[in-house]
Every structure is written in structure tokens, then in C-alpha cells.
Amino acid sequence: MDSLYNPSGVEERWQQTWESEGLYSAEPGSGRETFVVAHPPPNVTGALHTGHALQISLADTLVRWHRMRGFETAFLTGYDHAGISTQNAVEKHLASQGKSRQELGREAFVELVWEWLHEYGRTITDQFRRMGASMDYARERFTMDDAYVRAVMRYFVHLHGKGWIYRANRIINWCPFHETSLSDLELVHEEVDDALTYVRYPFADDGGDGVTLATARPATILGDVAVAVHPDDDRWRHAVGREVVVPFVERRVPVVADERVDPEFGTGALKVTPGHDPMDFEIGLAHDLPELTVIGPDGRMNEAAGELAGLSQEEADRRILDWVREREQLVKREAYRHSVALCERCKSRIEPLISLQWWCRMDELKRPAVEALREGRVRYHPESQHRYAVDSLDNAPDWNISRQIWWGHQLPVWECPDGHLTVQEDTPDACSECGSTELERSEDVLDTWFSSALWPFAILGWPESTPELEAWYPGTLNTTAREIIRLWENRMIFSGLELMGGIPFRDVIIHTTVLAADGRRMSKSLGTGLDPLDLVAEHGADATRYGLMKMASSQDVRFNEKVIQEGRRLANKLWNVSRLILSNSAGATPEARPRDAEERWILARLDATRAELERSWSAFDFAPAANELYHLTFDDFCDWYAEAIKPRFRDGEDADVRATALAALERLLKLLHPVMPHVTEEIWSQLPAREQRLILSPWPEADSSHAGDLHALDRVQEAAALFRRSGAAVELDQDQRRIFDAVVRPDRVRADGDPTAEIERLRKEIARAEGMLGNERFVSRAPEDVVEAEREKLARYRRELEALGG
RNA sequence: GGGCGCAUAGCUCAGCGGGAGAGCGCCCGCUUCACACGCGGGAGGUCCCUGGUUCGAUCCCAGGUGCGCCCACCA
């Protein structure tokens, strides 16, 4: 064994061994209690990022812990076809060759996507493997697998049959590049410098000045069907009920009063363009106004724009501004900074358009899920995220589930020439209404999240009845990032309740968002991203897992490579103390036969740490567990226990000390294994009398037999601290003296410290404690144990002061 | 505009009603036969501000300030 632990090579070797020996595989129906994690499927073209790495570190720790505890663990994974994202990647590739998907046509394009995936897709699970994720890779599923597609079709038909899926014209977010609708959740918002234009709309009857209003998008003036003001706005009360003339198109439109208008903005008057603005769309509905669409799906002015048809919006802006300027209706233009919606994939500016789309009604679907959350049958952690999840589900609007892209699950909807719709899983022979055989399938595909919503049971074979589905539904927990709650978690919950009749998992861990070191969001486009595989290459997967776990504390945390280095030092420390014990234990077998204080003490400390780990992992409270392991290894195990027994190793024949040391090391390895699986398995394999791999060896039982020894070294540790600070020695019994000499080695330490500062410190402490104990109100009102603890402290300070001769 | 979170040592963060902590960085001393990715010691802090509750507040409550993330239809 080298004196420097090098994880490279060791980790890969164990990853291959564990998997090839089938130790990652789960067996349905084994009869053991199950621990099931359906891991979030990464995008099929995706690469590992810090979020994945953190997620795996947390989930795999829990999985490995439960595997050791004898649970049948199923850690399941696979890929998401990721509609827009994947299509976008392939389109970029096409563009680099000067081609477009339109030139290829739909069929050839989809074929190209499959080829692309064959070549570039499905690499991320190898990166999961490299993190040490103990997933059942043989059960990988893809949302485009035939069986999965069947599940998606079944769900659509099911919801349609209940009347919860319908088609309607609504205003939606349109991406002019992808030429598809997008849900609100697929947008990003960005601040832009723009101009706000104040335009006067004259009254149609020529009396007075008319109404001046402000707009950021003059081109949409062509689609104006009204002007709206707030009903309580005295400035415009005279205008309500009259008509104004829309510039350029010279259309007469009414002035209406509506509470949605913000009187504080601009002049307090709003041009109403239901065809191109969501709020205007609502105002239009309320006032029974027509919906006029003047911008087409390509983002340019359409036929309804008359002489401006075919122009870009910028050109149309200019033409309209010229028109109002000539007629002195351009009041002013001012700089205006505001946020605009962009497509999260291509960053195109989103066009609100009225469009015929498919919707999923949420009111009844969400109700049982809200109930399950309110009753705590599914719990989000931390609690603050639970409240957010419930609120956002409770307020979820109907869900636009159709997309006009090409890569995805095509809707199981067929239309005949008379416009009748037939909805069924497989291609129908004839129209269900008129019997026509001239059917055309809808070209729309489903929102990617519609299929993701089925993940926890579709990967188990639903709608078929399978042993996996029987054994592993509901699962145990799910881990994800905050922004995925509405997109995915809530939808899995209502889908599971609807189709399976029960929740998909009990707990959802919303993990920390790891920010870049400078506090900005990690993102490829900002250049603030970080490749976890670089960390693994440099420090090892064990160190990376440890570091990420220790960082996973509050809601947002800055990435800190120092913590990963700390993990590497921990692995190295463990490696070296193992070398010490192994090299001194030839012929011994692990068995706890403690005789002296330090032996009983380390067994007590190991058991206390076991309990603490169980507590924090059960509460999904990861950072304290990492801390505890570090402290146990460095301070307790190495600096005290190992130092204390070293001379006894050298003394020779003490078989009990060696057997106990091996047993203690075994327990330490077990406690560390869920977090640092590789280095612990490597050391484990070198211990004598190995019957099974550490990954499968049982988690230590609770062992209270040494609980009384948890404080066995207190006096020695006090004495050591005092001696090292000041050179003073307190009285110790013979056994305590032996440990003190072994650990402190007063023969080698220069004990010439100046006791003055220490005396000063102790006098202050004594004064403080005496003050408290002399306060009658403290003694009578504080809890008895607090008062008692204070008395003990005072006694100790006096003892130490005496040793210093003060 | 709403929700959530965070303000503690130079940095990154624990702690959380009774003596201010860790890792890193810095200074000093150790080539101690497991480990210099180590061992020992040290310097360094009005625990953001103002009130309140309490025998006692870094910790609980109220208000404020600053920062971050998420969400949102101010044209």
C-alpha cells in the first residue's frame, strides 16, 4: 500500500466489479423491504453537470446505506427524449452543415435524430457510473422505448376519455424559431433596453385630444381592437364609452374600462391587442372584443397587416412611427428597460399568439394530489419547499400539452376531412364519427413533461402488469432541483394518483442549488459551469461526493473546491490509518475485544456516530453527516485511538488489541462507505477474513454496550489541551497516564509554554461562572441540569488553575 | 410585484437559548518508524442593524438594511 492514496484506477476498478458482479441489480419480489429511487432521467443528449453530480451523491448515499441495511434497493435510471432540447441540438448540427430541418422534411429529420442519438446520445449514464452511482443500469429505460410510448398514448387517451383533455384556441407562447407553442415554464426572462412610445389616438368624433397611450411594440397597433383605462381613473373618465381611431389602419375602436389596467403605468391608458398579448386577450374576452392577429408564426407581419404584410416587426415599427409622426400623433419616445420572454433553448423572443392547441384540464386532476400533499402522504423536504409545492399545484392553470416540433410523442389523434377527431392508442381504421377512412394524424407532439410525468411507473412496465410494477410502486423518494417541482414532481404525483391509484413516492428531496464560486448561477452560456468529471479526475469520485454532500446545506450555496480537497484528505487519512492497522495486525481477525479505556471509547464513538448518521440521513440532512465522518476519522479515530494503541502494537503479543483495532476499522469503513464507497471497499478488500464485499455487508447494529464509555477520555483530553497550551499537568490515574503519554508524547513536546495567558483565561472563566452561580435568579429559574453543568465547569476551571499554580 | 433563502474569523460555511466553531489561508514549532493530502501550537470575530421576550439572546419574536435564487401578463 502506497503512503499516498491515489483514487485513479481504484475507483474505476470497483465500479466495474460491483456492476459486473451484479451487486447493483435489484430483484423484484425478493420479499425484502424495498427502497426505490426512480432517478430523474437526464436528457438523452445531456452531459453530467454539477446538479446531476450532487443529486447522485445524495441519492446514492441513501441507496447504499439502505442496501447495507438489507433493503431490496432499486436505483433506476434512463433517458428523457427531451423534445425541444434534442431537436435543438440536432438542428444546430444541421445548421453547421448549412442545412435546415425544413429541407429534410419531418420523416427524414426524425430519422436523423435517431442516428444522432445512436452516435452522441446515451453517454451520461457512463458518467453516472464514474460518480459511483449504484444504479441498476440493466434496467435503463428511454421515454421513446416502444413500451414507454404505449404508456404515454394510454395516458392521453385515458385523460381524453374523461374529458380532461380538450382542444381550444388560446393565446400561447410561440417560439418563432422552433415554430411551436411553449408552456410558461419553458421560458426565460431577460432585461432588454427598449423604447416606450407614446401615441395619441384621436377621438372618432373629433371632440378633444383623444387618448394618449404608451406601447413598447408599435407594430401591434395594427391589431388594436380597443383602448382600456382603469374604471376609477378620473383622467380618462370622459373617454370611456367613446370611440378612438387606431393610427395607420384608421379603425374606430371603443374605449373600455377594465380593472386590469394599471393606472400608474404610462398615461394610464392601454391599447388592447387580444391577438398578441395575454392580458389583452383576457380583457378582450371580458368585453367581447374581436381577436385580430397581425403577426404570423414566423414572427413577421401577416396578410392582415395589409401593406405591411411580410415585413419584420422592426420595419413595421418604423413605418407606423413615420405615419404617426407625420400626423403629429407621436407624443414622445423614451428609453425603457423591461424584461421580455425568451425561448429557453434558442433565446428567440417569444411571440404571444392565438393558436389552436391541446390542453389538459387541471381542476379535477390536481385535487387528489393537493390532498395527498396537504395530508403529508407525500412530503417535500425542506418544509418550505413543501408549502411552495402545494401552493403551485393548487394554483396550476390548465396545461398546454401540444407542441409543434417534430421530435416527440405524436398525439394519438386522427382527423377526417369533415373535421371529426378520433382519439385512440393505435391507428384507427375509420373515423369514429362518420366512418371516413381518409384519416390524418395530428402533427403535434406532446410536451416532454407529459411523458416524464409517467416515469415512476412507466419504467416499471405500466400499463402492463409486471413483477417490477408490483414490487416497486410506490417508490420511496425522489431528488430534484427547486425549479423542477412544478414541471415534474407535482405532475408525477397527480399522474400516479390518477393511473396507479396511489402516490409515486413518499419523500421528495429538493436539493441545494450549487452556484458558481462567484455566486452567479452555473450556466454554460455564462461560462460559469463546471464539469464534475474534472473534479473526479483530479480528486476522485469519493472526494467529489463528500464535498458536494458537505456543500448541500442551505437553499443556495457557492461552489467551493476546498471542500472537495477536504474529501480527498479524508480518503488519504483513512488509507493511511488502515495501513497502520493492517501492517500491525498480521494473523489477527477482526473482533471487538476491548479491554482499556481508549478501546471502549472508540467503540462508543463509532456507535454514537452511527446513530448520528442515521438521524441526519433519515432527515435528509446531509452536511452534518459529512462533518461527523470527518471529525470521527481525523480526531477520534486517528489522533486519539490510533495514537493511543500504537505503543501497544509495538509492545508485541497483544492479540486483543489487534483484533479490536481491525473491528473498529471495519466499523469505520462501514460508516464511511455510503459517502465514499470506493476507498472503503478497496481497504475492506485487504482486511483478513473477507466473506463479502463491503457494499453488501451489514450496516452496524446499534450497540449501547459502551455508551458509558463515551466520556472515558474526557479527563485525558482536558489534560492534553492544558499541557499543550501551558505545560501544566493535572493528576491522572495510571490508565489515563498511559494514554496521555502515548498521544501527547510529553517526552518529545517542548512543554515550555507560558502559563500566564492560560491563568488569565481561567480566572476570567471562573469569575463568569461564579457570577452566574451567585445570581439567585439564575440558580432558582434556570433548569437544574444547566446549573449543575455550570458548577462542574467551575470545578474544572479551579482544578486546572491549581495545576498551573495560580 | 410575489415566494423562499442567506447575512458568524481573511475565504467557504457549521452551530443555534447558558464557556464563539470547522476546513482552508496566515504565523510559529515539528523529516515523531500510518499519513507533510501529516502532527502540535498561535493570531484573527460589536455572530448585519434597531427594538422586544427571558435570570440569560449569535440563537426566539417584530421591524429595518444588504445579497442571492425562484416565480410573475405592468403595456
Side-chain angles (χ1 to χ4, degrees), chain A residues 1-5 171 184-185 189 196 213-217 220 228 260-262 264-267 269-273 277-283 336 338-339 341 352 382 384-385 387-388 391-392 481-483 485-486 513 515 517 519-521 539 543 550-551 553-563 565-584 623-624 626-627 630-631 634-635 638-639 642-643 646 650 720 724-725 744-745 747-750 753 757 761 764-765 768-769 772 775-783 786-787 789-790 793 797:
Chain A
M1 289 174 86
D2 272 345
S3 67
L4 194 62
Y5 172 64
I171 193 152
D184 292 346
L185 307 178
H189 296 267
L196 194 60
L213 49 77
T215 178
R217 302 184 60 194
T220 64
R260 278 164 278 227
V261 179
D262 175 7
E264 302 294 316
F265 188 90
T267 64
L270 168 73
K271 61 193 267 316
V272 181
T273 322
D277 183 275
M279 186 171 85
D280 294 11
F281 182 78
E282 283 179 30
I283 293 175
Y336 181 50
H338 64 141
S339 94
S384 57
Q385 300 306 325
R387 290 195 301 274
Y388 168 69
D391 287 349
S392 54
R482 207 154 64 246
E483 66 266 24
I485 290 175
R486 302 194 304 167
T513 302
L515 305 172
R520 287 186 297 168
R521 190 173 173 70
H539 306 291
K550 191 160 169 175
M551 275 179 243
S553 51
S554 60
Q555 187 168 278
D556 305 295
V557 70
R558 295 178 176 210
F559 179 78
N560 178 11
E561 191 158 349
K562 292 282 164 49
V563 187
Q565 286 165 5
E566 184 179 309
R568 195 177 60 181
R569 290 203 320 278
L570 177 57
N572 192 56
K573 190 72 174 171
L574 183 68
W575 178 255
N576 276 292
V577 79
S578 302
R579 289 173 62 217
L580 171 74
I581 292 175
L582 285 168
S583 63
N584 282 288
N627 256 333
Y630 186 91
H631 171 66
F634 269 82
D635 301 337
C638 294
D639 290 350
E643 292 299 337
K646 250 197 235 175
R650 290 201 280 278
R724 284 164 170 164
R725 277 205 298 269
V744 178
R745 308 192 62 180
D747 53 318
R748 307 190 62 104
V749 174
R750 231 184 24 242
R761 186 185 74 85
K764 269 168 73 180
E765 292 296 350
R768 187 194 55 77
M772 276 176 85
N775 180 350
E776 189 276 328
R777 307 224 290 172
F778 169 69
V779 178
S780 62
R781 298 199 192 191
V786 172
V787 178
E790 210 54 46
K793 275 189 263 176
Y797 297 143

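Throughout, a chain's letter reflects where its sequence line sits, starting with A, and its residues are numbered from 1. If you're wondering where the values come from, they're calculated on a predicted model, not measured in any experiment.
In this structure, A/Trp575 places its CH2 atom 12 Å from C1' of B/A34, rounding to the nearest Å. Taking atom CG on A/Asp747 and atom C1' on B/C30, their separation rounds to 13 Å, with Å as the unit. We find that CG of A/Asp556 is positioned 16 Å from C1' of B/G66, with the value rounded to whole Å. In this structure, the CZ atom of A/Phe778 is 12 Å from the P atom of B/G56, given to the nearest Å. With rounding to whole Å, A/Lys562 atom NZ is found 10 Å from B/C24 atom P. Straight-line distance from the CG atom of A/Asp391 to the C1' atom of B/C70: 14 Å, rounded to whole Å. Look at NE2 on A/His631: it is 13 Å from C1' on B/A14, rounded to the nearest Å. Separating the OH atom of A/Tyr388 from the P atom of B/G3 is a distance of 13 Å, rounded to the nearest angstrom.
Proximity note for A/Glu790 (side chain, C-beta onward) versus B/U32, B/A14, B/G18: the nearest is B/G18. The A/Tyr630 side chain lies nearest to B/G23 when the options are B/G23, B/G68, B/A75. Taking only side-chain atoms of A/Phe634, from C-beta outward, the nucleotide of B/C39, B/C71, B/A75 with the closest atom is B/C39. Here the side chain of A/Arg482 is nearest to one of B/A75, B/G38, B/C69, namely B/C69. Checked against B/A34, B/C71, B/A14, the side chain of A/Leu580 finds its nearest nucleotide in B/A34. Closest approach to the A/Arg569 side chain among B/G42, B/U12, B/C37 is made by B/C37 (side chain taken as heavy atoms from C-beta onward). For A/Ala216, taking side-chain heavy atoms from C-beta onward, the closest of the listed nucleotides B/C24, B/C33, B/A75 is B/A75. Taking every side-chain heavy atom of A/Val557 into account, B/C13 is the closest of B/G68, B/A75, B/C13. Closest to the side chain of A/Cys638, from the set B/C69, B/A34, B/C35, is B/A34. When distances are taken from the side chain of A/Val786 to each of B/G18, B/G40, B/C73, the shortest belongs to B/G18.
Look at the C1' atom in both B/G23 and B/G5: the space between them is 24 Å, to the nearest Å. Taking atom C1' in both B/A9 and B/A20, one finds a spacing of 10 Å when rounded to whole Å. Straight-line distance between the P atoms of B/C74 and B/C67: roughly 22 Å, to the nearest whole Å. Rounded to a whole angstrom, the distance from the C1' atom of B/C48 to that of B/A57 is 16 Å. Comparing B/A72 with B/C61, their P atoms are spaced 30 Å from each other, to the whole Å. For the P atom pair drawn from B/G21 and B/G45, the interatomic distance equals 14 Å after rounding to whole Å. Between B/U31 and B/U8, the distance separating the two C1' atoms is 38 Å to the nearest Å. A distance of about 26 Å separates the P atoms of B/C6 and B/C24, rounded to the whole Å.
Remark: the A/Glu643 side chain and the B/A34 base include a donor-acceptor N/O pair separated by less than 3.5 Å.
At the heavy-atom level, A/Val272 lies nowhere under 4.0 Å from the strands shown. Heavy atoms of A/Glu776 sit nowhere under 4.0 angstrom from any nucleic acid atom. Base engagement by A/Lys646 is indicated by at least one non-hydrogen atom pair under 4.0 Å involving a base atom. Within 4.0 Å of A/Ile581, counting heavy atoms only, lies no atom of the nucleic acid at all. Nucleic acid contact class of A/Arg558 (heavy atoms, under 4.0 Å, all strands): sugar-phosphate only. As judged by a 4.0 angstrom heavy-atom cut-off over every strand, A/Ser384 is placed among residues touching the sugar-phosphate backbone only. Nucleic acid contact for A/Arg486: sugar-phosphate only, since backbone atoms but no base atoms lie under 4.0 Å from a heavy atom of the residue. Here A/Pro624 lies out of heavy-atom contact (under 4.0 Å) with every strand. Contacts of A/Asp262 with the nucleic acid, taken as non-hydrogen atoms under 4.0 Å apart, include base atoms. Among the heavy atoms of the strands lying under 4.0 Å from A/Asp639 are primed sugar atoms or P, OP1, OP2 only; no base atom is included.
No side-chain N or O of A/Asn572 forms a donor-acceptor pair with one of A/Arg569 less than 3.5 Å apart.
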Salt bridge (charged side-chain N to carboxylate O under 4.0 Å, His left out) between A/Glu561 and A/Arg568: does it pass, once the steps are laid out? CA-CA 11 Å; A/Glu561 191 158 349; A/Arg568 195 177 60 181; over 6 Å; no
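Of all the heavy atoms in A/Val744 and A/Arg724, the pair that sits closest is CA-NH2, 4.1 Å. Pairing each heavy atom of A/Leu196 with each of A/Phe265, the nearest pair is CD2-CZ, 4.0 Å.
Residues A/Arg482 and A/Asp556 are paired through a salt bridge, judged by an N-O separation under 4.0 Å between the basic side chain and the carboxylate. A salt bridge between A/Glu566 and A/Lys573 is absent, with no side-chain N of the basic residue lying under 4.0 Å from a carboxylate O of the acidic one.
A donor-acceptor pair under 3.5 Å is formed between the side chain of A/Asn775 and the backbone N or O of A/Arg777.
Checking the phosphate oxygens (OP1, OP2) of B/A75, a side-chain nitrogen or oxygen of A/His338 falls inside 4.0 Å.
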